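Residue numbering restarts at 1 for every chain, and letters A, B, ... go by the order of the sequence lines. Every value quoted in this text rests on a predicted model; they were computed, and no experiment measured them.
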Amino acid sequence: MTTPAPTPAPKSMDDIMALCKRRGFVYQASEIYGGINGFWDYGPLGTLLKKNLRDAWWNDVVMFPCWGRKGPTDERVSIVPVDTCIIQNPRVWVASGHAAGFADPMRKCPGCGHFVRADHLWDILATQSEWLSSLLQEFTPITGEIDTPRLIKWARGRGKRVAPHLALVKQPEVVLSFLATRVNGQPDAPPDLQEIVRYIATAQLHATGLQDPCPRCGAPLGKPSAFKLMFESWAGVVQDDDHRVYLRPETAQGIFVQFKNVVDTTRVRAPFGIAQTGKSFRNEVTPRNFTFRSREFEQMEIEFFCHESEAMAWYAFWRDWRMEWWKSLGLAGDNLILREHEKDELAHYSKATSDIEYCFPFTSPGFGELEGVAYRGNFDLTQHQQHSGVKLDYFDTDRGELLPNGSRKGERYIPHVIEPSAGLDRGVLALLCEAYTKDDSRPSPEFMKFHPRVAPIKAAVFPLVNKDGMPEVADRLHADLSRAFGRQGLIETDAKQSIGKRYARMDEAGCPFCFTIDGETLKDQTVTLRDRDTGAQQRVGIDKVVGLVGDALSTSG
RNA sequence: GCGGGUGUAGCUCAGUGGUAGAGCGUCACGUUGCCAACGUGAAUGUCGUCGGUUCAAGUCCGAUCACCCGCUCCA
């Protein structure tokens with residue numbers, strides 16, 4: 001009989017949040033004032049962790065793109081950075097589509113959950129509602145006379161399928177009797193179509209008054225309420241609509257808006273990418289799940305511009321490499337998946353999209369998005385070209401027919417775009433969840449298994465006891481390590497309290513290596529290297545320590 | 001937005017209308033010779049906030065804020 005491998009206990013989000021607070025990774029924003037919904041601050045260790053993740057992205061995307069790997073066109077990947085403003089000309093958000101759909105009063109459907117623009121409800125009902133156009137065929141043309149048996153038949157048959165939540169479908173007799181009362185009660189003022197539709201959407205006329213139906217499922221819509229995705233402010237002294245500005249809901253638009261400047265001023269040649277990290281803001285309806293859905297968050301976005309004929313190849317390239325990148329930071333195994341979107345999931349302009357998703361404790365057994373890799377066609381540049389009136393095409397001198405002189409004629413086109421868009425705060429949260437480990441058999445049951453590259457504390461040096469020359473040796477080693485790696489992360493040293501307590505503290509902070517100076521060190525120049533994940537100890541020469549830490553920090557690709 | 005739950009020390013939590021508590025952690029001193037060791041001591045609280053009932057509220061009532069869970073949503 002074989003003993004099954006012990007399945008690790010599911011990680012508790014409560015435990016992770018407690019550790020995050022206790023060790024200074026994440027604090028509630030404005031906590032002493034009772035907090036503020038949807039906002040979180042990072043403490044010292046969290047700030048370092050986030051910086052390390054952002055730096056890893058920056059170094060691997062901007063400074064040394066894709067670890068030097070060649071793209072599908074067999075050229076090295078070319079990326080340049082920009083840093084654009086959170087506040088842009090408001091017309092940017094008109095062009096991008098962020099302003100239009102979500103600045104207006106919306107009505108929510110309790111049946112199918114969809115939002116409908118209040119001011120377009122009757123247009124949508126008239127032109128896009130499957131159930132209403134089906135139902136209208138049951139009315140006698142022109143006179144609009146109501147054929148009760150025919151309507152009941154519709155309600156019990158087709159209506160059940162196309163408008164399951166419509167009052168007429170749920171309670172046909174009641175609804176039609178109200179309608180008949182109305183028609184017969186005021187024969188001189190027959191109801192118009194709108195009024196009839198409201199009647200058939202109403203189950204309890206006296207209790208609720210006439211209702212407006214959802215165009216999709218027929219359920220009575222809720223009250224209109226402003227549903228503004230974007231935070232607003234005013235630029236300048238006058239706080240009126242003419243001076244209204246918005247905090248960006250994504251960093252991508254700043255890239256598109258500066259596309260022409262980058263092309264004109266930097267010698268980039270397609271295919272190439274523009275990268276940017278920065279804060280974005282969304283007035284989420286329901287901030288939830290710790291920092292996962294926050295109203296203020298940081299993104300790491302690439303817009304990669306290429307010819308349409310190469311776009312799908314680049315899409316596959318970026319999708320696969322981004323997945324590898326997350327894996328290289330320790331999010332390996334079953335907790336990370338690449339999920340290709342189904343056709344009906346795609347935005348109308350997107351030809352393909354994948355999500356890189358992590359199995360968070362609060363989504364488990366489901367997954368939550370870390371990064372979306374989207375092939376957006378040339379939708380964004382086209383939109384900005386139309387709205388700004390400025391040409392945003394690209395003249396590609398490597399394309400077009402071969403001329404007698406050996407050069408190409410060139411081709412003018414609006415580039416297609418692959419957008420790998422990652423959530424930095426979500427990445428940090430995934431690193432925290434992945435790293436959190438509980439093992440009650442250890443002296444330090446809770447510890448953080450950070451990859452050395454993202455670990456806020458890279459190494460710690462302890463004198464076993466605070467005397468006999470050990471502190472002096474520890475100070476020297478600490479100084480050496482600090483000189484070598486102090487710019488990448490913290491190097492700790494601590495001579496107080498028992499060695500076990502010092503190890504345990506480092507475990508909770510996720511420090512991968514502890515070096516302990518003991519009596520033997522003074523004789524043979526070796527120190528104890530204590531491994532965070534296993535607790536195993538080995539002796540290494542004190543002169544090997546810097547190289548050893550360096551090796552652990554330099555791994556990538 | 002709806003429903004359920006929670007809120008007391010840095011963390012985890014006890015607390016019966018009548019003096020604000022424990023464990024862990026933190027800090028100091030001593031001891032200590034590789035795993036939250038031991039001893040002694042110390043600091044830490046407007047009991048989420050506001051209001052009400054009461055002689056008296058952490059405790060009962062109301063409101064509000066925040067967090068967690070489930071639905072919903074995420075252009």
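Of the candidates B:A66, B:A75, B:C35, the closest approach to any side-chain atom of A:I499 belongs to B:C35. Between B:A36, B:C2, B:A66, one nucleotide has an atom nearer to the side chain of A:A504 than all others, and that is B:A36. Here the nucleotide nearest the side chain of A:K501, chosen from B:C34, B:A36, B:C67, is B:A36. Of all nucleotides listed (B:C74, B:C35, B:C69), B:C35 comes nearest to the side chain of A:P443. Listed nucleotides B:C67, B:A36, B:A75 differ in distance to A:W40; the shortest reach to its side chain belongs to B:C67. Here B:C73 is the nucleotide among B:A36, B:C73, B:A66 with the atom lying nearest to any side-chain atom of A:R293.
When heavy atoms are screened at a 4.0 angstrom cut-off, A:G43 is found touching no nucleic acid atom at all. At the heavy-atom level, A:R530 lies under 4.0 Å from base atoms of the strands shown. Residue A:G34 is in sugar-phosphate contact alone, with no base atom involved, counting any heavy-atom pair closer than 4.0 Å across all strands shown. Across all strands shown, A:R295 has no heavy atoms under 4.0 Å from either base or sugar-phosphate atoms. Note on A:F290: only backbone sugar-phosphate atoms sit closer than 4.0 angstrom, heavy atoms only; bases stay farther off. Residue contacts shown for A:M470 include a base, since a base heavy atom lies under 4.0 Å away. Residue A:R442 is classed as having no contact, given no heavy-atom separation below 4.0 Å to the nucleic acid.
Spacing between B:A57 and B:G52 at atom C1', rounded to whole Å, works out to 11 Å. The same atom, P, is picked in B:A20 and in B:U49; the two are 16 Å apart, to the nearest Å. Here, B:U8 and B:G41 have their C1' atoms 25 Å apart, quoted to the whole Å. Here, B:U44 and B:G10 have their C1' atoms 9 Å apart, quoted to the whole Å. Look at the C1' atom in both B:A9 and B:G15: the space between them is 14 Å, to the nearest Å. Atom P of B:A63 sits at a distance of 14 Å from the matching atom of B:C2, rounded to the whole Å. Taking the P atom of each, B:G58 and B:U16 are spaced 13 Å apart, rounded to whole Å. Remark: the separation of the P atoms in B:C38 and B:U19 is 33 Å, to the nearest Å.
With salt bridges taken as basic N to acidic carboxylate O contacts below 4.0 Å, none links A:R505 and A:E492. A salt bridge does not link A:D551 to A:K544: none of the charged nitrogens lies less than 4.0 Å from a carboxylate oxygen.
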Pick out the pairs of N or O atoms, protein on one side and nucleotides 27-30 of chain B on the other, that lie under 3.5 Å.
{"from": "B:C27", "atom 1": "OP2", "to": "A:Q497", "atom 2": "OE1", "distance (Å)": "3.4"}
{"from": "B:A28", "atom 1": "OP1", "to": "A:K496", "atom 2": "NZ", "distance (Å)": "2.9"}

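Regarding A:E369, its CD atom lies at a distance of 15 Å from the C1' atom of B:C73, rounded to whole Å. When the P atom of B:G25 is taken as reference, atom NZ of A:K21 falls 18 Å away, rounded to whole Å. Atom CD in A:E446 sits roughly 10 Å away from atom P in B:U12 (whole-Å rounding). Look at CG on A:N37: it is 19 Å from P on B:C73, rounded to the nearest Å. Distance CG (A:D15) to C1' (B:C68): 13 Å, rounded to an integer number of Å. Distance A:D494 CG to B:C34 C1': 15 Å, rounded to the nearest Å. The CG atom of A:L346 sits 15 Å away from the C1' atom of B:A75 (whole-angstrom rounding). At whole-Å resolution of the value, CD in A:E31 and P in B:A66 are 13 Å apart.
Annotation: A:W318 is in aromatic contact with A:F304 [ring centroid separation under 6.0 Å]. A distance below 6.0 Å separates the ring centres of A:Y375 and A:H416. Remark: aromatic rings of A:F360 and A:Y358 are close, center separation under 6.0 Å. Between A:Y27 and A:Y42, the ring centre distance reaches or exceeds 6.0 Å.
Ranked by how close their nearest RNA chain B nucleotide is to the 5' end, A:D518 and A:Y349 are led by A:D518. Positionally, the nearest nucleotide of RNA chain B for A:D531 lies more toward the 5' end than for the other of A:D531 and A:Q28.
Using a 4.5 Å cut-off on side-chain heavy atoms (C-beta onward), A:R54 and A:E298 make contact.
Between atom CG of residue A:L19 and atom CG of residue A:L45 there is a gap of 9.5 Å, rounded to the nearest 0.5 Å.
Here B:U16 sits opposite no nucleotide as a Watson-Crick or G-U wobble pair (both hydrogen-bonding atom distances under 3.5 Å). When both pairing distances are held under 3.5 Å, B:C47 makes no Watson-Crick or G-U pair with any nucleotide shown. Across all strands shown, B:A56 forms no Watson-Crick or G-U wobble pair with both distances under 3.5 Å. In a base pair of the Watson-Crick type (N1 to N3 plus N6-O4 or O6-N4) or a G-U wobble (N1-O2 and O6-N3), with each distance short of 3.5 Å, B:A66 is matched with B:U6. Nucleotide B:G39 forms a Watson-Crick or G-U wobble pair with B:C29, both donor-acceptor distances falling under 3.5 Å. Remark: B:C71 base-pairs with B:G1; criterion is Watson-Crick or G-U wobble with both hydrogen-bond distances under 3.5 Å.
You won't find any donor-acceptor pair under 3.5 Å spanning the side chain of A:Y33 and the base of B:C65, going by distance alone. Side-chain atoms of A:R282 stay outside donor-acceptor range of the base of B:C74, with no qualifying N/O pair under 3.5 Å. Between the base of B:C73 and the side chain of A:T286 there is no donor-acceptor pair shorter than 3.5 Å. At a cut-off of 3.5 angstrom, the base of B:C68 holds no donor-acceptor pair with the side chain of A:D14. Residue side chain A:Q537 reaches the base of B:C34 through a donor-acceptor N/O pair under 3.5 Å, judged by distance alone.
For the pair A:R322 and A:W325, the cation-pi criterion (under 6.0 Å, within 45° of the ring axis) is fulfilled.
For the pair A:N289 and B:C68, the criterion of a side-chain N or O lying under 4.0 Å from OP1 or OP2 is not met.
Checking side-chain atoms of A:Q383 against main-chain N and O of A:A95 turns up a donor-acceptor pair under 3.5 Å.
Between A:R198 and A:D212, the shortest heavy-atom contact is NE-OD1, 2.8 Å.
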